[in-house]
Number of protein chains: 2
Amino acid sequence: MKGRGYKATPQRVAILEALAAEQHQSLDEIHAKCPHVGLVTVYRTLDLFSEIGAVRRLDLGDGSRYELAEAHHHHLICDSCGSISEFEGCPIDPERLDVEGGFEVRSHSVEVYGNCAECL
Amino acid sequence: MKGRGYKATPQRVAILEALAAEQHQSLDEIHAKCPHVGLVTVYRTLDLFSEIGAVRRLDLGDGSRYELAEAHHHHLICDSCGSISEFEGCPIDPERLDVEGGFEVRSHSVEVYGNCAECL
DNA sequence: CTCAATGCAAACATTTTGCAAAGAC
DNA sequence: GTCTTTGCAAAATGTTTGCATTGAG
């Protein structure tokens with residue numbers, strides 16, 4: 001998993017486990033799962049993970065959230081309770097996307113806002 | 001435009017004009033266009049505009065940006081120079097979106113990442 | 001043994017709040 | 001004249017940096 005010159009410290013492993021436990025967590029939530037790791041280290045480690053592409057940084061309106069960069073998926077955000085969930089089927093129609101002349105598409109993200117089942 | 005109990009102060013008009021001048025600006029950019037308005041007022045006014053739905057708040061990875069809530073469009077973000085541009089044609093396939101059982105869709109946003117024409 | 005990684009404290013940036021004065025209606 | 005809005009200063013919040021120490025390789 002790591003081996004490109006990065007050291008596998010206990011702190012990094014702990015943060016990785018925290019990330020694996022749940023999707024799209026805030027920095028505080030991650031830190032709460034490994035309180036013995038210094039807050040500064042959490043910041044730096046998440047920065048590092050983002051840079052090497054292991055972690056995706058999201059911004060859904062309430063500050064940064066982090067999740068392991070695994071399968072392609074998007075997010076449903078409930079306007080009323082703020083809960084976030086994922087869905088797998090990507091609703092992007094590729095034919096309608098490659099019309100953007102002069103822009104080379106690398107990736108995309110989709111956020112869907114509305115009301116979740118609990119709030120209906 | 002306003003008349004639902006909100007006062008049309010010179011500050012609010014100035015901020016509205018600043019917003020009209022350019023899309024997806026940061027709070028600092030908006031404030032720079034009307035320096036005589038107190039920074040606190042810019043914060044409060046943008047909050048107000050967001051609440052009443054006149055302004056859309058974006059978060060594209062580099063802090064909040066604001067734009068007038070006009071025609072439905074999405075954003076292209078260049079990974080290399082960070083420039084942001086809009087595109088009109090929505091690439092969402094509605095058929096693939098209403099499959100989300102138990103979630104009532106109200107709106108959505110799409111961000112496309114890649115390289116702009118200048119950076120290719 | 002060496003150099004990257006950590007943790008503390010302090011610096012820094014950003015956003016929010018309290019309150020008196022000003023101004024829109 | 002009333003009640004909202006403004007602006008200042010201060011507080012709260014969130015993030016980054018400097019530097020000595022620790023520990024993985």
Side-chain angles (χ1 to χ4, degrees), chain A residues 1-20 22-68 77 82 84, chain B residues 1-20 22 24-69 77 82 84:
Chain A
M1 179 153 220
K2 50 185 47 181
R4 234 143 319 279
Y6 299 109
K7 296 185 178 174
T9 67
Q11 289 89 337
R12 288 179 178 173
V13 174
I15 291 171
L16 218 39
E17 283 170 356
L19 284 164
E22 207 176 335
Q23 290 285 60
H24 45 72
Q25 297 175 85
S26 68
L27 192 137
D28 279 343
E29 289 170 328
I30 295 166
H31 186 217
K33 289 200 173 63
C34 43
H36 52 292
V37 178
L39 187 55
V40 182
T41 301
V42 179
Y43 274 104
R44 284 189 283 221
T45 304
L46 290 174
D47 273 357
L48 174 68
F49 286 174
S50 303
E51 273 169 36
I52 65 178
V55 159
R56 208 162 17 223
R57 169 184 260 118
L58 313 170
D59 222 311
L60 271 28
D62 64 337
S64 290
R65 293 181 168 273
Y66 304 84
E67 65 183 21
L68 289 176
I77 301 104
I84 305 170
Chain B
M1 179 152 219
K2 51 184 48 180
R4 237 142 314 283
Y6 299 110
K7 297 189 179 175
T9 66
Q11 289 89 339
R12 288 179 178 173
V13 174
I15 291 172
L16 217 40
E17 284 170 356
L19 283 164
E22 208 175 335
H24 46 70
Q25 298 175 82
S26 67
L27 192 135
D28 278 344
E29 289 170 327
I30 294 165
H31 185 217
K33 289 199 175 61
C34 43
H36 52 292
V37 178
L39 187 57
V40 182
T41 300
V42 179
Y43 274 104
R44 284 189 283 218
T45 303
L46 290 174
D47 273 358
L48 173 67
F49 286 174
S50 304
E51 272 169 36
I52 64 179
V55 158
R56 207 162 18 223
R57 169 183 260 119
L58 313 169
D59 223 311
L60 272 26
D62 62 340
S64 290
R65 293 181 168 272
Y66 303 84
E67 65 182 19
L68 289 177
I77 300 106
I84 306 170

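In what follows, chains carry the letters A, B, and so on, assigned in the order in which the sequence lines appear, proteins first and then strands, with residues in each chain numbered from 1. What you are looking at is a predicted structure, and each value in this text was computed from that prediction instead of being measured.
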Tell me: [atom1] of [X] to [atom2] of [N], nearest whole Å?
X: A:Tyr43; N: D:dT17; atom1: OH; atom2: P; result: 12 Å
X: B:His36; N: D:dT6; atom1: NE2; atom2: C1'; result: 13 Å
X: A:Leu39; N: D:dG14; atom1: CG; atom2: C1'; result: 9 Å
X: B:Arg65; N: C:dT14; atom1: CZ; atom2: C1'; result: 15 Å
X: A:Tyr6; N: C:dA4; atom1: OH; atom2: P; result: 12 Å
X: A:Leu16; N: C:dA5; atom1: CG; atom2: P; result: 15 Å

Residue set satisfying side chain to side chain donor-acceptor pair (under 3.5 Å) with B:Asp47, at least two apart, ordered chain then number -> B:Arg57

The answer to which of A:Gln11 and B:Asp28 contacts DNA chain C further toward the 5' end, by nearest nucleotide, is A:Gln11

For [X], give me all partners under side-chain contact (heavy atoms from CB on, under 4.5 Å), at least two apart in sequence or on another chain.
X: B:His24; result: B:Leu58, B:Arg65, B:Glu67, B:His75, B:Ile84, B:Glu86
X: A:Gln11; result: A:Thr9, A:Val37, A:Thr41
X: B:Leu48; result: B:Tyr6, B:Arg12, B:Ile52
X: A:Glu17; result: A:Val13

Can you tell me which nucleotide in D:dG25, C:dT6, C:dT16 comes closest to the side chain of A:Thr9?
C:dT6

With heavy-atom distances below 4.5 Å as the criterion, would you say the side chains of A:Leu16 and A:Leu19 are in contact?
yes

Which letters describe nucleotides 17-23 of chain C, given B = protein heavy atom under 4.0 Å from base, S = only from sugar-phosphate, - = neither?
BB----B

